[in-house]
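Chain letters run A, B, ... following the sequence lines, proteins first and then strands; every chain starts at 1.
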2 protein chains.
Amino acid sequence: MSRRDEVLQAALDLLDEVGLDALTTRRLAERLGVRPGALYRHFDSKRALLEAMVQHLLTSAPETQVAGDWAQQVRAVAGAGRAAMLTRRDGARLLVSHLAPSEAARAGWERFVGVLRGAGLDEPGALLAADTVFSYVNGFTIEEQTRDGFPQTAERRAWRDQVFQAGLELIVAGIRTSLS
Amino acid sequence: MSRRDEVLQAALDLLDEVGLDALTTRRLAERLGVRPGALYRHFDSKRALLEAMVQHLLTSAPETQVAGDWAQQVRAVAGAGRAAMLTRRDGARLLVSHLAPSEAARAGWERFVGVLRGAGLDEPGALLAADTVFSYVNGFTIEEQTRDGFPQTAERRAWRDQVFQAGLELIVAGIRTSLS
DNA sequence: ACCTGAACACCGTTCAAGT
DNA sequence: ACCTGAACACCGTTCAAGT
């Protein structure tokens with residue numbers, strides 16, 4: 001494990017402990033037993049650190065299932081996105097504000113749009129459906145993490161998962177009607 | 001106009017100029033020709049200022065139309081929410097992070113849920129539909145304001161309005177299917 | 001009522017110098 | 001390769017004192 005990865009790991013741990021607003025370079029340095037300036041050998045800026053944290057969040061997520069019909073794949077992609085955000089405190093906010101355009105992100109998006117095209121939607125329709133699901137997942141999870149504490153209780157999490165899935169079914173049903 | 005309102009107005013102007021992340025009490029003080037400490041006569045904290053800004057955003061929005069069937073009212077409420085956020089730079093982020101629970105907000109929510117109940121949804125169904133629309137509107141607009149500049153061009157805004165409405169129709173269609 | 005002056009405990013970042 | 005020491009230009013907030 002490179003020193004860079006150790007810094008990254010400490011930053012992720014610190015995020016869970018204090019939240020995004022209190023995640024400062026100076027606190028991170030203190031946790032590493034090092035002066036603040038030393039961090040800049042490993043990351044060009046705090047922004048670069050945050051982008052690496054987002055990358056870690058997305059990369060360490062389990063592979064999305066590619067099985068099932070389009071509706072099942074929509075559920076899988078949406079659920080995986082939500083799960084990734086929920087692995088860390090303020091994960092949703094972190095993601096929307098510091099997601100750097102990347103090849104992996106673009107490829108995942110293309111694949112998702114492709115699934116919807118395969119279901120019978122035309123290109124604009126598939127883009128719209130993907131965009132709507134994306135907005136819903138982000139909006140739902142940001143709201144949730146802003147109001148709830150961290151970590152959520154298991155009961156709270158289970159309940160929110162149910163609400164999330166039910167809301168997603170509304171959108172899936174809407175997409176289905178636009179297929180005919 | 002009280003001095004408090006003048007400070008609030010200056011803060012709203014500054015938000016449009018520099019964005020939420022660069023909105024500091026010190027910059028605000030400088031714009032008012034005053035020392036930073038002077039602000040604390042009018043607002044207890046920066047957080048209180050931000051909450052007052054949110055309140056202003058919501059209050060100064062035009063009254064939502066209460067005419068039409070439930071689908072038209074959903075469109076009106078969602079459109080008004082989006083419009084309110086778009087009146088200021090980073091309005092969506094400001095709203096989700098600094099919306100203090102208020103009587104007015106609760107009443108608006110109740111009214112919205114009431115409309116959906118009137119359409120024939122049961123209580124859990126109406127709550128779910130309202131929650132889904134809310135998540136979508138917030139998610140869509142946060143994403144938009146994070147990526148686009150400020151102000152948007154008129155063309156960009158018109159295009160995003162179209163996409164927004166089309167995505168909302170997906171959700172409306174989904175709600176409709178759950179009515180039977 | 002409103003503001004100044006001055007301070008306090010913080011930020012992110014740079015850079016020469018050390019090991 | 002990694003870190004220190006020291007600095008720079010910032011933050012939010014408090015409070016006695018002035019008008």
Side-chain angles (χ1 to χ4, degrees), chain A residues 1-57 88-91 93-100 146, chain B residues 1-57 88-91 93-100 146:
Chain A
M1 199 186 201
S2 68
R3 186 61 173 143
R4 187 179 201 271
D5 285 346
E6 288 174 7
V7 172
L8 178 57
Q9 193 55 53
L12 289 163
D13 292 348
L14 185 57
L15 176 63
D16 278 348
E17 276 176 35
V18 302
L20 189 55
D21 295 331
L23 177 61
T24 67
T25 56
R26 298 182 99 102
R27 255 193 269 260
L28 177 56
E30 190 184 21
R31 158 182 279 264
L32 287 161
V34 114
R35 300 306 178 98
L39 297 175
Y40 290 80
R41 181 149 307 270
H42 308 292
F43 293 94
D44 283 349
S45 64
K46 185 180 180 181
R47 160 171 278 273
L49 207 211
L50 290 165
E51 287 174 359
M53 291 169 73
V54 168
Q55 217 51 42
H56 181 95
L57 220 72
R88 298 285 170 180
R89 164 128 71 145
D90 296 328
R93 257 172 71 207
L94 176 67
L95 204 115
V96 316
S97 357
H98 296 98
L99 174 57
T146 304
Chain B
M1 199 186 200
S2 68
R3 185 64 174 140
R4 189 180 200 272
D5 285 346
E6 288 173 8
V7 172
L8 178 57
Q9 192 55 54
L12 290 162
D13 293 347
L14 186 57
L15 176 63
D16 279 347
E17 276 176 35
V18 302
L20 189 56
D21 295 331
L23 176 62
T24 67
T25 56
R26 298 181 100 100
R27 256 193 269 261
L28 176 57
E30 190 183 22
R31 159 183 278 264
L32 287 161
V34 115
R35 300 306 180 97
L39 296 175
Y40 291 79
R41 182 147 305 270
H42 307 291
F43 293 93
D44 283 349
S45 63
K46 185 180 181 183
R47 160 171 277 272
L49 208 210
L50 290 166
E51 286 174 0
M53 291 170 73
V54 168
Q55 217 51 41
H56 180 95
L57 221 73
R88 299 285 170 181
R89 161 127 74 144
D90 295 328
R93 257 172 70 208
L94 176 67
L95 203 114
V96 316
S97 0
H98 296 97
L99 174 57
T146 304

Phosphate OP1/OP2 of D:dC3 contacted by A:H42 side-chain N/O (<4.0 Å): yes

Residues which pass side chain to side chain contact (heavy atoms under 4.5 Å, CB included) with B:L57, listed by chain and number, not counting sequence neighbours: B:T87, B:R88, B:L95

Salt bridge (charged side-chain N to carboxylate O under 4.0 Å, His left out) against A:R41, all qualifying residues, sequence neighbours excluded: none

Contacts of A:R89 that satisfy salt bridge (charged side-chain N to carboxylate O under 4.0 Å, His left out) - sequence neighbours left out: none

Residues which pass side chain to side chain contact (heavy atoms under 4.5 Å, CB included) with A:E6, listed by chain and number, not counting sequence neighbours: A:M1, A:R3

Side-chain heavy-atom pair A:T25, A:L49 within 4.5 angstrom cut-off: no

Set of residues satisfying side chain to side chain contact (heavy atoms under 4.5 Å, CB included) with respect to B:R27, sequence neighbours excluded: B:L14, B:A22, B:T24

Side chain to side chain contact (heavy atoms under 4.5 Å, CB included) against A:L50, all qualifying residues, sequence neighbours excluded: A:L20, A:L23, A:K46, A:M53, A:L94, A:H98

All pairs passing side-chain hydrogen bond (donor to acceptor under 3.5 Å, both in side chains) where residues 28-37 of chain A contributes a residue, at least two apart: A:E17-A:R31

DNA chain C-proximal residues of residues 2-14 of chain A, any heavy atom under 4.0 Å: none

Rounded interatomic separation in angstrom, taking CG from B:L39 and P from D:dC11: 12 Å

Watson-Crick or G-U pairs under 3.5 Å in DNA chain D, rendered as dot-bracket with [ ] for crossing pairs and | for another strand: ||.|||||...|||||.||

All salt bridge (charged side-chain N to carboxylate O under 4.0 Å, His left out) counterparts of B:D21, not counting sequence neighbours: B:R93

Phosphate contact (C:dG5 OP1 or OP2) by B:R35 side-chain N/O below 4.0 Å: yes

Protein proximity profile, nucleotides 12-19 of chain C - base contact B, sugar-phosphate-only contact S, no contact -, cut-off 4.0 Å on heavy atoms: BBB-----

Partner set under side-chain hydrogen bond (donor to acceptor under 3.5 Å, both in side chains) for B:Q55, not counting sequence neighbours: none

Between C:dC10 (C1') and A:D21 (CG): distance, integer Å: 15 Å

